[in-house]
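Presented below is the structure to which this report refers.
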Amino acid sequence: MEQFAGSHFGTVATVDFERDPKAASLFEAPSPRDNLQAIEAYLGKRIIAGESLLFLDEVQVAPRVLSRLRYFHEELPELHVVAAGSLLDFALADTEYRAPVGRVSYFYLEPLSFREYLDAMDLGGLRDVLSRWQPGVSIPEAVHEKLLREVRAYALVGGMPAVVEAYRQERSFVGAARLHADLLTAYREDFARYGSRATVQRLHRVLNSVPVQVGRKFIYARVDREDRAAPIKQALDQLCMARVVHRVNRSNGNGVPLAAEVDERAFKTILLDVGLMLSSLGVPPSRVLENELTLVNEGAVAEQLVGQMLRTLGPRNIDPSLYYWQRDKKGSEAEVDYLIQHAGRVVPIEVKAGKSGRLRSLHTFMAAKGYGTAIRVHSHAPELRAVETPRAGGSTHRYDLLSIPFYMVEEIPRLLTAGGPSP
């Protein structure tokens with residue numbers, strides 16, 4: 001926010017409620033103009049509408065202040081105000097909060113994407129290679145291998161801004177892992193503010209279980225066999241509300257919207273950030289840098305990485321959602337790792353951690369649904385080719401298979417729209 005304010009405003013006026021919880025009293029007067037006068041006296045600086053940005057930081061400490069924003073919008077519409085906070089939704093669920101409907105715009109901030117990571121590492125040339133690639137164009141092997149090395153480094157560092165900045169300066173995975181541990185500890189300390197001791201311990205157990213269960217159906221009993229499913233579910237819901245954990249919803253995938261056919265009884269999960277996941281699992285950096293992204297749970301790291309990238313594809317004012325498909329028919333089980341919506345169609349995405357692997361589940365899905373395009377994410381150079389797969393009754397279904405390396409996941413919307421295969 002300080003960087004944003006420096007680029008777009010003359011001054012930034014920051015009220016940090018965590019450093020001074022009593023700062024909430026600045027908003028007790030009924031008039032926003034009186035609030036603004038109190039804030040100016042408190043900060044000792046002028047706040048000029050149109051020139052200044054009012055930044056309300058750590059607002060989860062004073063969530064009722066958010067309700068006041070509707071009056072700022074109505075009475076001081078020319079003043080720019082931004083509020084941010086750690087575990088904000090978590091805090092709002094535990095207080096009397098009346099959302100200022102139609103008066104506040106929400107922006108869903110994810111960890112840095114791989115493209116943003118390349119920018120941070122001053123690797124704009126590699127980013128340009130990704131933004132220009134089209135099916136039928138080859139990528140030099142040396143460039144391909146360098147991009148693979150960088151996406152593996154990104155898997156270790158993740159997208160948490162402080163960790164990326166530290167790695168940019170030190171180029172140390174050990175230092176990155178140390179910051180990951182600090183962030184996970186900070187999350188756990190924040191949990192203590194919002195529940196009883198038993199609730200906090202359950203949140204810790206769920207948070208520890210999510211990295212282990214990435215890539216497969218989430219099972220409550222795997223968190224704690226001695227605990228009941230209902231309180232574990234509640235703890236998971238809270239972590240999802242806090243955006244520390246994300247659900248991957250199971251959908252039948254018969255059409256858009258994918259949310260219309262979600263099966264609430266079955267879902268997978270990913271962690272907020274792949275770097276946090278690897279650090280929480282204690283994975284040595286050498287295993288990621290020297291090998292494929294298999295590591296644990298038959299490609300769980302690869303699935304976490306791709307899921308995290310997919311969450312950055314949509315508009316930032318829409319809360320991103322993830323979906324997958326699974327058939328439980330005994331003897332012919334099948335699963336497609338992700339489903340996305342594009343131009344009114346469903347596009348399946350199969351993630352292969354190594355350079356090899358069959359596509360039986362993807363073929364099954366495409367034959368059953370009759371869609372025209374599917375995507376495979378793996379470690380090979382990108383390629384577009386036509387595929388035929390058998391259907392029931394002896395006929396075949398033909399579709400376009402776009403195979404892309406991990407470093408190209410964030411280019412999917414462009415490839416499907418401009419010059420790429422048709423959905």
Side-chain angles (χ1 to χ4, degrees), residues 110-111 113-114 151 155 210 213-218 240 245-263 266-274 277 293-294 297-314 318-328 333-354 357-366 368-369 371-379 382 399-417 420-421 423:
E110 299 292 310
S113 68
F114 180 59
V151 83
V210 167
Q213 297 203 50
V214 168
R216 51 183 172 171
K217 178 182 175 182
F218 191 89
C240 291
V245 176
H246 302 303
R247 270 190 175 84
V248 184
N249 301 297
R250 178 175 171 176
S251 174
N252 289 332
N254 290 318
V256 297
L258 289 167
E261 293 187 307
V262 165
D263 181 355
F267 59 90
K268 298 191 291 186
T269 56
I270 63 171
L271 202 61
L272 164 72
D273 179 69
V274 63
M277 175 193 178
L293 295 171
T294 48
N297 288 2
E298 300 179 351
V301 176
E303 199 163 322
Q304 163 76 38
L305 178 64
V306 172
Q308 181 174 331
M309 289 175 166
L310 291 176
R311 285 184 59 86
T312 69
L313 300 188
I318 297 177
D319 193 2
S321 299
L322 296 174
Y323 302 93
Y324 76 106
W325 174 82
Q326 185 174 34
R327 187 176 70 181
D328 294 330
E333 295 85 356
E335 180 178 317
V336 174
D337 298 310
Y338 292 106
L339 303 177
I340 63 171
Q341 301 175 184
H342 178 81
R345 304 288 184 89
V346 175
V347 179
I349 299 175
E350 183 74 1
V351 180
K352 294 297 180 185
R358 298 191 304 166
L359 297 173
R360 182 181 62 84
S361 291
L362 186 62
H363 293 328
T364 298
F365 178 86
M366 295 301 285
K369 308 299 181 181
Y371 296 137
T373 298
I375 295 173
R376 168 173 56 186
V377 181
H378 60 176
S379 297
Y399 68 92
D400 290 327
L401 176 63
L402 176 62
S403 297
I404 58 173
F406 289 95
Y407 57 73
M408 206 170 277
V409 169
E410 293 161 22
E411 300 299 320
I412 286 176
R414 179 181 65 82
L415 295 175
L416 292 176
T417 302

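Nothing fancy with the numbering, it's 1 onward along the sequence.
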Write down the atom of [X], the atom of [Y], and the distance for their closest heavy-atom approach.
X: L362; Y: I375; value: CD2-O, 4.4 Å
X: K217; Y: Q213; value: O-OE1, 3.6 Å
X: S403; Y: H378; value: CB-NE2, 3.7 Å
X: S361; Y: A334; value: OG-CA, 3.5 Å
X: V336; Y: P348; value: CG1-CB, 3.8 Å
X: I340; Y: I412; value: CD1-CG2, 3.8 Å

With a 4.5 Å cut-off on side-chain heavy atoms, are [Y] and [X] touching?
X: F406; Y: F114; value: no
X: V256; Y: V346; value: yes
X: K369; Y: W325; value: yes
X: Y371; Y: V347; value: no
X: L322; Y: L310; value: yes
X: E411; Y: I404; value: no
X: I270; Y: V245; value: no
X: D337; Y: V377; value: no

If I take atom [atom1] from residue [X] and atom [atom2] from residue [Y], how far apart are they, to the nearest 0.5 angstrom?
X: Y399; Y: F365; atom1: OH; atom2: CZ; value: 10.5 Å
X: E350; Y: R360; atom1: CD; atom2: CZ; value: 10.0 Å
X: T417; Y: H342; atom1: OG1; atom2: NE2; value: 3.0 Å
X: R247; Y: S321; atom1: CZ; atom2: OG; value: 11.0 Å
X: E261; Y: N254; atom1: CD; atom2: CG; value: 4.0 Å

Legend entry - Qualifying residue, where the test is side-chain contact (heavy atoms from CB on, under 4.5 Å) with Y323 and the options are N252, V248, L339: L339
Legend entry - side-chain contact (heavy atoms from CB on, under 4.5 Å) partner of H246, the single match among E110, Q308, Q304, K268: E110
Inset, instruction - Dump the intermediate steps for side chain to side chain contact (heavy atoms under 4.5 Å, CB included) on L416 and R345, then the final yes or no. - result: CA-CA 11 Å; L416 292 176; R345 304 288 184 89; over 6 Å; no
Inset, instruction - Using the six-membered ring wherever Trp is involved, compare the ring planes of F218 and F267 and label them parallel, tilted or perpendicular (cut-offs 30° and 60°). - result: parallel
Legend entry - Expected output: side-chain E410 to main-chain T312 donor-acceptor under 3.5 Å: no
Inset, instruction - Answer yes or no: is there a donor N or O on one side and an acceptor on the other, between the side chain of R311 and the main chain of P320, under 3.5 Å? - result: yes
Inset, instruction - Please lay out, stage by stage, how M366 and L359 fare under the test side chain to side chain contact (heavy atoms under 4.5 Å, CB included). - result: CA-CA 11 Å; M366 295 301 285; L359 297 173; over 6 Å; no
Inset, instruction - Might you work through the side chain to side chain contact (heavy atoms under 4.5 Å, CB included) test for Y338 and E303, ending with a clear yes or no? - result: CA-CA 9 Å; Y338 292 106; E303 199 163 322; 3.5 Å; yes
